[in-house]
Amino acid sequence: DARVTQTPRHKVTEMGQEVTMRCQPILGHNTVFWYRQTMMQGLELLAYFRNRAPLDDSGMPKDRFSAEMPDATLATLKIQPSEPRDSAVYFCASAGGQANTEAFFGQGTRLTVV
Amino acid sequence: AQSVTQLGSHVSVSEGALVLLRCNYSSSVPPYLFWYVQYPNQGLQLLLKYTTGATLVKGINGFEAEFKKSETSFHLTKPSAHMSDAAEYFCAVSAGSGNTPLVFGKGTRLSVIA
(Lines give C-alpha, C1' and ligand atoms only; values in the text may rest on other atoms or scores of the structure.)
Protein backbone atom coordinates (compact mmCIF):
# COMPACT_ATOMS: atom_id res chain seq x y z
CA ASP A 1 0.00 0.00 0.00
CA ALA A 2 1.94 3.02 -1.26
CA ARG A 3 1.51 6.09 0.88
CA VAL A 4 3.24 9.27 1.96
CA THR A 5 4.53 8.95 5.51
CA GLN A 6 5.00 11.96 7.76
CA THR A 7 6.61 12.05 11.18
CA PRO A 8 5.86 13.07 13.81
CA ARG A 9 2.07 13.21 13.62
CA HIS A 10 1.92 15.64 16.51
CA LYS A 11 4.51 17.99 17.96
CA VAL A 12 4.25 20.40 20.85
CA THR A 13 7.24 22.63 21.39
CA GLU A 14 8.20 25.80 23.16
CA MET A 15 8.77 29.02 21.33
CA GLY A 16 12.37 29.35 20.19
CA GLN A 17 12.97 25.64 19.80
CA GLU A 18 13.96 23.95 16.56
CA VAL A 19 11.35 21.75 14.91
CA THR A 20 12.05 19.16 12.22
CA MET A 21 9.30 17.48 10.26
CA ARG A 22 10.01 14.53 8.01
CA CYS A 23 8.34 13.09 4.96
CA GLN A 24 8.87 9.87 3.08
CA PRO A 25 7.36 10.23 -0.40
CA ILE A 26 5.88 7.37 -2.37
CA LEU A 27 8.61 5.29 -3.98
CA GLY A 28 9.12 6.39 -7.57
CA HIS A 29 7.60 9.83 -7.16
CA ASN A 30 9.96 12.61 -8.20
CA THR A 31 8.08 15.63 -6.84
CA VAL A 32 7.53 16.56 -3.19
CA PHE A 33 5.37 19.40 -1.92
CA TRP A 34 5.10 21.00 1.52
CA TYR A 35 1.79 22.67 2.35
CA ARG A 36 0.66 24.40 5.54
CA GLN A 37 -2.94 24.43 6.72
CA THR A 38 -4.28 27.04 9.13
CA MET A 39 -7.78 28.21 9.95
CA MET A 40 -7.04 31.71 8.73
CA GLN A 41 -5.10 31.04 5.55
CA GLY A 42 -6.30 27.60 4.56
CA LEU A 43 -3.89 25.42 2.56
CA GLU A 44 -0.80 27.21 1.30
CA LEU A 45 2.18 25.94 -0.65
CA LEU A 46 5.42 26.42 1.25
CA ALA A 47 7.91 24.76 -1.10
CA TYR A 48 8.34 21.98 -3.58
CA PHE A 49 11.08 19.84 -5.05
CA ARG A 50 11.47 17.93 -8.24
CA ASN A 51 14.19 15.30 -8.55
CA ARG A 52 15.40 16.58 -5.15
CA ALA A 53 16.05 20.09 -6.49
CA PRO A 54 14.07 22.98 -4.97
CA LEU A 55 11.82 24.58 -7.58
CA ASP A 56 9.92 27.07 -5.50
CA ASP A 57 10.19 28.03 -1.86
CA SER A 58 8.62 31.47 -2.14
CA GLY A 59 5.88 30.48 0.29
CA MET A 60 8.31 29.95 3.15
CA PRO A 61 9.54 32.55 5.61
CA LYS A 62 13.21 32.32 4.65
CA ASP A 63 14.60 33.58 7.92
CA ARG A 64 13.30 30.65 9.95
CA PHE A 65 12.14 27.92 7.60
CA SER A 66 14.25 25.58 5.52
CA ALA A 67 13.36 22.61 3.36
CA GLU A 68 15.68 19.94 2.03
CA MET A 69 15.72 16.55 0.34
CA PRO A 70 18.81 14.74 1.56
CA ASP A 71 17.87 11.81 -0.66
CA ALA A 72 14.97 10.61 -2.79
CA THR A 73 13.28 8.91 0.15
CA LEU A 74 13.36 11.77 2.64
CA ALA A 75 12.19 15.37 2.67
CA THR A 76 12.59 17.59 5.71
CA LEU A 77 11.06 20.87 6.81
CA LYS A 78 12.79 22.73 9.63
CA ILE A 79 11.72 25.72 11.64
CA GLN A 80 14.35 27.50 13.72
CA PRO A 81 13.45 29.30 15.89
CA SER A 82 9.79 28.34 16.13
CA GLU A 83 7.11 30.89 16.98
CA PRO A 84 3.49 30.52 18.12
CA ARG A 85 2.28 31.73 14.71
CA ASP A 86 3.88 28.63 13.17
CA SER A 87 1.24 26.49 14.85
CA ALA A 88 -0.51 24.69 12.00
CA VAL A 89 -0.83 21.35 10.25
CA TYR A 90 1.99 20.73 7.80
CA PHE A 91 1.29 18.39 4.92
CA CYS A 92 3.71 16.68 2.64
CA ALA A 93 2.51 15.41 -0.74
CA SER A 94 4.28 13.54 -3.50
CA ALA A 95 3.59 13.09 -7.19
CA GLY A 96 5.19 11.85 -10.36
CA GLY A 97 5.88 8.37 -11.48
CA GLN A 98 4.39 6.84 -14.60
CA ALA A 99 0.81 8.00 -14.07
CA ASN A 100 1.51 11.44 -12.61
CA THR A 101 -2.16 12.32 -12.42
CA GLU A 102 -2.44 13.56 -8.86
CA ALA A 103 -0.61 14.45 -5.70
CA PHE A 104 -0.87 12.06 -2.77
CA PHE A 105 -0.95 13.58 0.68
CA GLY A 106 0.46 12.39 3.96
CA GLN A 107 -1.58 12.59 7.14
CA GLY A 108 0.17 15.72 8.27
CA THR A 109 2.15 16.93 11.25
CA ARG A 110 0.13 18.98 13.71
CA LEU A 111 2.53 21.52 15.22
CA THR A 112 1.73 23.50 18.33
CA VAL A 113 4.20 26.14 19.48
CA VAL A 114 3.56 27.43 22.98
CA ALA B 1 -1.90 33.33 -11.70
CA GLN B 2 -4.54 30.98 -10.38
CA SER B 3 -7.16 31.19 -7.68
CA VAL B 4 -10.15 29.26 -6.39
CA THR B 5 -13.31 30.48 -4.72
CA GLN B 6 -15.54 28.10 -2.86
CA LEU B 7 -18.95 29.55 -2.12
CA GLY B 8 -20.14 28.67 1.35
CA SER B 9 -17.75 27.73 4.10
CA HIS B 10 -20.39 25.42 5.58
CA VAL B 11 -23.13 23.46 3.85
CA SER B 12 -25.68 21.37 5.68
CA VAL B 13 -27.89 18.78 3.99
CA SER B 14 -30.24 16.06 5.11
CA GLU B 15 -29.30 12.44 4.62
CA GLY B 16 -30.51 11.37 1.18
CA ALA B 17 -30.62 14.91 -0.18
CA LEU B 18 -28.61 16.31 -3.06
CA VAL B 19 -25.14 17.58 -2.26
CA LEU B 20 -23.93 20.62 -4.21
CA LEU B 21 -20.61 22.25 -3.35
CA ARG B 22 -19.66 25.23 -5.47
CA CYS B 23 -16.25 26.03 -6.88
CA ASN B 24 -15.19 28.79 -9.24
CA TYR B 25 -11.66 29.17 -10.49
CA SER B 26 -9.44 31.66 -12.21
CA SER B 27 -6.54 30.55 -14.38
CA SER B 28 -4.38 32.17 -17.03
CA VAL B 29 -3.70 28.76 -18.58
CA PRO B 30 -5.95 25.75 -19.27
CA PRO B 31 -6.74 24.51 -15.78
CA TYR B 32 -6.41 21.13 -14.18
CA LEU B 33 -9.12 20.93 -11.52
CA PHE B 34 -9.39 18.75 -8.44
CA TRP B 35 -11.67 18.04 -5.53
CA TYR B 36 -10.12 16.67 -2.36
CA VAL B 37 -11.86 15.52 0.82
CA GLN B 38 -10.41 15.78 4.31
CA TYR B 39 -11.77 13.84 7.26
CA PRO B 40 -10.92 15.00 10.79
CA ASN B 41 -7.25 14.63 11.64
CA GLN B 42 -6.52 13.11 8.25
CA GLY B 43 -4.71 14.12 5.11
CA LEU B 44 -6.37 15.01 1.84
CA GLN B 45 -7.82 12.33 -0.38
CA LEU B 46 -8.55 12.90 -4.04
CA LEU B 47 -12.22 12.62 -4.95
CA LEU B 48 -11.95 13.40 -8.63
CA LYS B 49 -10.04 15.43 -11.18
CA TYR B 50 -10.47 17.12 -14.54
CA THR B 51 -7.47 17.26 -16.83
CA THR B 52 -8.65 17.22 -20.43
CA GLY B 53 -11.43 15.57 -22.41
CA ALA B 54 -14.84 14.77 -20.96
CA THR B 55 -16.14 17.67 -18.92
CA LEU B 56 -18.26 15.54 -16.60
CA VAL B 57 -15.97 13.58 -14.34
CA LYS B 58 -16.94 10.89 -11.90
CA GLY B 59 -15.08 10.20 -8.73
CA ILE B 60 -15.14 8.00 -5.71
CA ASN B 61 -18.03 7.62 -3.29
CA GLY B 62 -20.64 8.63 -5.88
CA PHE B 63 -19.38 12.18 -6.40
CA GLU B 64 -19.12 13.88 -9.75
CA ALA B 65 -18.23 17.32 -11.05
CA GLU B 66 -18.67 19.16 -14.29
CA PHE B 67 -16.09 21.49 -15.80
CA LYS B 68 -17.81 24.51 -17.33
CA LYS B 69 -15.28 26.72 -19.02
CA SER B 70 -17.76 29.48 -19.87
CA GLU B 71 -18.72 29.77 -16.22
CA THR B 72 -15.22 29.03 -14.86
CA SER B 73 -16.86 26.55 -12.54
CA PHE B 74 -16.24 23.03 -11.28
CA HIS B 75 -19.08 22.29 -8.88
CA LEU B 76 -19.18 19.02 -6.97
CA THR B 77 -22.40 17.03 -6.70
CA LYS B 78 -23.73 13.83 -5.24
CA PRO B 79 -27.34 12.76 -5.74
CA SER B 80 -27.90 11.39 -2.26
CA ALA B 81 -25.93 12.37 0.83
CA HIS B 82 -24.76 9.79 3.31
CA MET B 83 -23.74 10.38 6.89
CA SER B 84 -20.21 9.28 6.00
CA ASP B 85 -19.92 12.21 3.55
CA ALA B 86 -19.57 14.67 6.42
CA ALA B 87 -16.09 16.16 5.96
CA GLU B 88 -14.20 19.17 4.62
CA TYR B 89 -14.05 19.49 0.85
CA PHE B 90 -11.41 21.41 -1.05
CA CYS B 91 -11.44 22.50 -4.65
CA ALA B 92 -8.03 23.08 -6.21
CA VAL B 93 -6.55 24.24 -9.49
CA SER B 94 -3.16 23.68 -11.05
CA ALA B 95 -1.43 24.53 -14.28
CA GLY B 96 -0.52 20.94 -14.99
CA SER B 97 -0.87 17.38 -13.88
CA GLY B 98 0.13 15.70 -10.63
CA ASN B 99 3.56 17.18 -10.16
CA THR B 100 2.42 20.80 -10.48
CA PRO B 101 1.55 22.76 -7.32
CA LEU B 102 -2.07 23.08 -6.31
CA VAL B 103 -3.86 26.30 -5.40
CA PHE B 104 -6.66 25.50 -2.98
CA GLY B 105 -9.93 27.13 -2.12
CA LYS B 106 -10.73 27.83 1.53
CA GLY B 107 -12.77 24.67 1.83
CA THR B 108 -16.41 23.83 2.50
CA ARG B 109 -17.46 21.88 5.55
CA LEU B 110 -20.29 19.50 4.73
CA SER B 111 -22.61 18.43 7.51
CA VAL B 112 -25.15 15.66 6.95
CA ILE B 113 -28.22 15.63 9.16
CA ALA B 114 -30.01 12.39 9.92
Side-chain angles (χ1 to χ4, degrees), chain A residues 1-10 23-26 28-60 67 89-110, chain B residues 1-10 21 23-25 27 31-54 57-60 63 65 67 74 87-109:
Chain A
D1 182 25
R3 63 180 70 184
V4 176
T5 303
Q6 289 187 249
T7 56
R9 288 292 313 278
H10 302 273
C23 169
Q24 180 177 352
I26 292 173
H29 283 186
N30 67 344
T31 305
V32 173
F33 306 91
W34 284 104
Y35 291 92
R36 177 171 62 184
Q37 183 178 35
T38 61
M39 289 292 291
M40 292 298 294
Q41 300 299 325
L43 281 153
E44 307 171 283
L45 178 71
L46 294 176
Y48 79 106
F49 295 76
R50 186 165 300 147
N51 297 322
R52 296 177 56 201
L55 289 191
D56 184 0
D57 62 1
S58 59
M60 281 195 326
V89 181
Y90 292 82
F91 286 105
C92 174
S94 73
Q98 286 192 330
N100 190 28
T101 57
E102 65 185 88
F104 292 82
F105 283 74
Q107 294 199 307
T109 294
R110 181 176 296 276
Chain B
Q2 298 177 305
S3 67
V4 173
T5 302
Q6 290 184 241
L7 291 175
S9 60
H10 186 204
L21 304 183
C23 171
N24 288 89
Y25 70 90
S27 179
Y32 288 65
L33 294 159
F34 305 80
W35 275 100
Y36 281 86
V37 61
Q38 183 180 31
Y39 298 100
N41 300 313
Q42 298 294 315
L44 281 75
Q45 179 184 8
L46 183 71
L47 276 178
L48 49 79
K49 60 184 179 287
Y50 168 78
T51 55
T52 58
V57 292
K58 296 185 184 299
I60 61 171
F63 285 93
F67 169 59
F74 191 57
E88 187 93 17
Y89 291 80
F90 293 92
C91 182
V93 64
S94 77
S97 194
N99 61 357
T100 307
L102 295 162
V103 175
F104 286 92
K106 294 292 189 185
T108 297
R109 181 169 299 279

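Below, chains carry the letters A, B, ... as their sequence lines are ordered, and counting in each starts from 1.
Under the 3.5 Å distance criterion, the side-chain polar atoms of B:Tyr36 are left unmatched by any main-chain donor or acceptor of A:Phe105.
Considering all non-hydrogen atoms of both residues, B:Thr100 and A:Arg50 come closest at N-NH2, 4.3 Å. Counting all heavy atoms, side chain and backbone alike, B:Pro101 lies closest to A:Leu45 at CB-CD2, 3.6 Å.
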### Task
Applying side chain to side chain contact (heavy atoms under 4.5 Å, CB included), run through A:Leu43 and B:Leu44 and close with a yes or a no.
CA-CA 11 Å; A:Leu43 281 153; B:Leu44 281 75; 3.7 Å; yes
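With a threshold of 4.5 angstrom between heavy atoms, A:Met40 approaches chain B through N, CA, C or O but not through any side-chain atom. Only the side chain of B:Phe90 comes within less than 4.5 Å of a heavy atom of chain A; its backbone N, CA, C and O stay farther away. Residue A:Asp56: no heavy atom, backbone or side chain, is found under 4.5 Å from chain B. Residue contact with chain A, scored on non-hydrogen atoms closer than 4.5 Å, involves the side chain of B:Gln38 exclusively.
Ranked by non-hydrogen atom pairs under 4.5 Å with chain B, the options A:Gln37, A:Gln41, A:His29, A:Arg9 are led by A:Gln37. Counting heavy-atom pairs closer than 4.5 Å to chain B, the top-ranked of the candidates A:Phe33, A:Tyr48, A:Phe104 is A:Phe33.
How far CD of A:Glu102 is from CG of B:Leu47: 10.5 Å, rounded to the nearest 0.5 Å.
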